[in-house]
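All chains are named by letter (A, B, ...) in the order of the sequence lines, taking the proteins before the strands, and each is independently numbered beginning at 1. Worth knowing before you read on, the calculation uses all heavy atoms, side chains too, and leaves out hydrogens, waters and symmetry mates.
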Amino acid sequence: MPHLTLEYSQNLAPFPEAEVLHAVNAALCAHPEVAQESDLKTRTVPVASFAIGTQPERRAFVHAQLRLLSGRTPEAKQALSALVLQALRPLVPRPDGVQVQVSVEVVDMDRASYQKERW
Amino acid sequence: MPHLTLEYSQNLAPFPEAEVLHAVNAALCAHPEVAQESDLKTRTVPVASFAIGTQPERRAFVHAQLRLLSGRTPEAKQALSALVLQALRPLVPRPDGVQVQVSVEVVDMDRASYQKERW
Amino acid sequence: MPHLTLEYSQNLAPFPEAEVLHAVNAALCAHPEVAQESDLKTRTVPVASFAIGTQPERRAFVHAQLRLLSGRTPEAKQALSALVLQALRPLVPRPDGVQVQVSVEVVDMDRASYQKERW
């Protein structure tokens, strides 16, 4: 906890994966809701095969899904979501003539059945 | 919003990704719950490493996960789920001697913390 | 139903995917909550691009997400989660000097809108 998965459509390549990972983790780990920095596990996932809507416009997307143990307030979830978006804004490529949608979703993970070990 | 991820086990290759993306998006974007066609972001994801159950039978799967902002009625969610299944039925390969499971899941995304920008 | 996705960071390669798939499916299919062994669809997903926290320590992770149709008791979900962790313990690589986090999450899938066909 927390888990973050950041998908990007491959028409945004070259995507600065390392910079994005660093910026997002730095932003979230500085927030008091992330108790321990090593808890945050973030992945970037290129999406090779996708379609956005039904029109032939040039379109791309970035989607971040942040999974937190349940119990956060709505305000905390909004704050974390905003931090992710803010970290992405200066780093996501914006190719000429391509409409880019960037979205952030927060998911509650069931705390009672969640298990974790460190080895 | 909405996001759709369609996984297929790689023993269904060659999987008609482009046709499936087109058919699913056309079906969903024609439904009034999808306000704007460009909102729908669909991915196909081949699954290279998988196991279905514990028996050595030849088995395959396709799984669609449709993520919608919370607030839809149960009826709307069922209707969208049925549309995805209907779009898949004529397009998913059915190799001889392979049992194929096709499933569609609808997930509510927390509306309060969801954020999106278009650039 | 159920769906299980098991991600592992690629610094755990070579990861024994086949053994893990076999062990996890055998453990879960022996539990009464899995009505039919062929229902369980498990994938392993290597994660090539990731960051854990903000410190330069050598770190790795394995994360299992088990998706079940809604309606299970908290006790059943805890039991299934524990079974997955138990199956992983002897099989996940533990490279020297690498801290490995292993987590298991259980997710309820909306039963009313879930659809499945077998072909």
Hydrogens and angles aside, do A:Arg118 and A:Ser38 bring a side-chain donor and acceptor to less than 3.5 Å of each other?
yes

Polar side-chain atom of A:Arg72 near backbone of A:Gln78 as donor-acceptor pair, under 3.5 Å:
no

Using non-hydrogen atoms only, which part of A:Ala82 is less than 4.5 Å away from chain B: side chain, backbone, both, or neither?
both

Please confirm whether the backbone N or O of A:Asp39 pairs with a side-chain atom of A:Lys41, one donor and one acceptor, at under 3.5 Å?
yes

Could you tell me which of A:Lys77, A:Glu75, A:His63, A:Gln99 has the largest number of non-hydrogen atom pairs under 4.5 Å with chain B?
A:His63

Given side-chain contact (heavy atoms from CB on, under 4.5 Å), test A:Glu7 with A:Phe61 step by step and report yes or no.
CA-CA 8 Å; A:Glu7 300 173 284; A:Phe61 75 91; 4.3 Å; yes

May I ask you to list the residues in residues 42-54 of chain B that approach chain A closer than 4.5 angstrom, counting heavy atoms only, ordered by number?
B:Thr42, B:Arg43, B:Thr44

Between A:Val104, A:Val98, A:Val107, who has the most heavy-atom pairs with chain B when the cutoff is under 4.5 Å?
A:Val104

Pair B:Arg67, B:Thr5: side-chain N/O donor-acceptor within cut-off below 3.5 Å:
no

Looking at A:Arg111, is its backbone amide N or carbonyl O close enough to the side chain of A:Ser70 to form a donor-acceptor pair, meaning the two atoms are under 3.5 Å apart?
yes

Under a 4.0 Å threshold between the charged nitrogen and the carboxylate oxygen, would A:Arg59 count as salt-bridged to B:Glu37?
yes

